[in-house]
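Position 1 is the first residue of the sequence; numbering continues from there. All ligand and atom numbering here is 1-based and tracks the order in the structure.
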Amino acid sequence: MDGEADRHAWEQPGAHEVAPGVHRIPLPLPGDSLKAVNIYAISDGDRVVLIDGGWALDEAEELLARSLKAIGYQLGDVRDYLVTHLHRDHYTQAIALRRAHGGRVAVGEGERACLEAIRTVEVHPDVARLYEEGATELSRMLAEWHGERDLLNWEDPDRWLANGVDVPLETRTLRVIATPGHTAGHVVFHDPEHDALFAGDHVLPHITPSIGVELTRPPSPLRDYLNSLELIRALPDARLLPAHGPVTESVHDRIDELLEHHRQRLDATDAAVDGGAHTAFDVAGALTWTRRQRKLPDLDLFNQILAIHETMAHLRVLVERGWLTEQIVDGIIHFSFAGDGSPSDPSLRSGPSGAP
Ligand SMILES: [Zn+2]
């Protein structure tokens with residue numbers, strides 16, 4: 001059985017050896033949805049290289065220092081922070097530790113625009129996105145919310161990683177592979193010689209990664225994500241070293257499950273439109289969420305927003321595949337069946353029935 005205790009076993013603090021010279025170090029996260037993020041420490045001669053940096057928190061820094069000490073290193077021994085993407089739980093502590101202890105930070109070049117937006121954006125783009133998605137009340141609430149901008153740990157990396165480059169370490173060579181979807185600039189680090197994939201949040205063993213939760217977002221983040229899954233599925237199989245959850249033996253097996261999940265989700269999204277839901281907000285309300293099958297209003301606000309965006313991403317893919325069409329009515333995007341007589345249906349404009 002997949003018990004609740006088992007699901008959390010991977011969060012246990014420590015430096016857990018997952019391969020010769022590679023240790024998984026879970027660090028705490030604030031909030032109560034996701035409890036920990038894995039940092040991978042790769043021993044590399046007298047230095048150590050970290051995959052991801054964690055969320056900049058005093059307790060996370062202390063735990064990282066203690067865990068590294070257990071395998072013979074100090075924070076000042078970190079030569080490189082190879083960060084999979086720009087989310088706070090991966091990037092900010094790398095920047096904080098670089099400031100205090102040295103080391104170099106690298107992240108995918110596809111994150112450039114997002115880092116710039118973090119520093120400059122005045123009105124959160126979710127205000128407009130939620131409105132388009134039909135979540136007008138949430139949009140209004142967000143517009144009235146004034147958070148403080150904290151730019152302390154959003155400095156530039158030392159290096160922007162391009163797709164396909166090799167990062168040569170003393171003990172191995174890591175290949176950078178761009179995997180847009182979770183974020184536009186997400187990268188994974190592939191170690192083909194040791195059959196290991198440092199997957200960041202691209203492939204997670206227990207949960208389905210969120211799609212396009214970022215300030216700058218491409219037009220169809222789910223399409224990008226599905227393409228990135230297929231891209232990694234086409235490589236030889238490898239052990240999965242994820243940023244959240246335990247290490248598992250097969251990247252391929254988990255990708256197959258994720259592809260199946262999204263196939264079912266696309267079907268359910270399509271069925272919800274068939275059932276009369278026409279905006280992303282209404283469709284999200286017709287679907288169930290999390291593995292506990294919860295309804296949209298039962299989620300906290302942050303997760304409601306994620307759910308609505310995720311629904312929008314699925315609706316977009318259905319439009320791209322020609323199953324649905326969309327039209328904007330009073331600033332809100334309405335979806336309907338491609339063949340159900342909606343005014344935007346091209347078959348009606350030039351159809352065999354003689355119209356126009
Ligand atoms: Zn993430």
* Identified side chain to side chain contact (heavy atoms under 4.5 Å, CB included) partner of L50 from the options I42, L75, L64 -> L64

* Identity of the N, O or S atom of H182 lying closest to the Zn ion (ligand 1) -> NE2

* Aromatic plane relationship, H85 with H182 - under 30° parallel, 30 to 60° tilted, over 60° perpendicular -> perpendicular

* **Residue H87, metal the Zn ion (ligand 1), N/O/S under 2.8 Å** => yes

* Taking the six-membered ring for Trp and the single ring otherwise, decide whether the centroids of H87 and H186 are under 6.0 Å apart. => no

* Asked: What's the atom name of the N, O or S in H85 nearest to the Zn ion (ligand 1)?
  -> NE2

* To do: Taking both backbone and side-chain atoms into account, decide whether D201 has an N/O/S atom under 2.8 Å from the Zn ion (ligand 1).
  => yes

* Honestly, is R265 close enough over W289, meaning NZ or CZ under 6.0 Å from the six-membered ring centre and within 45° of the axis? -> yes

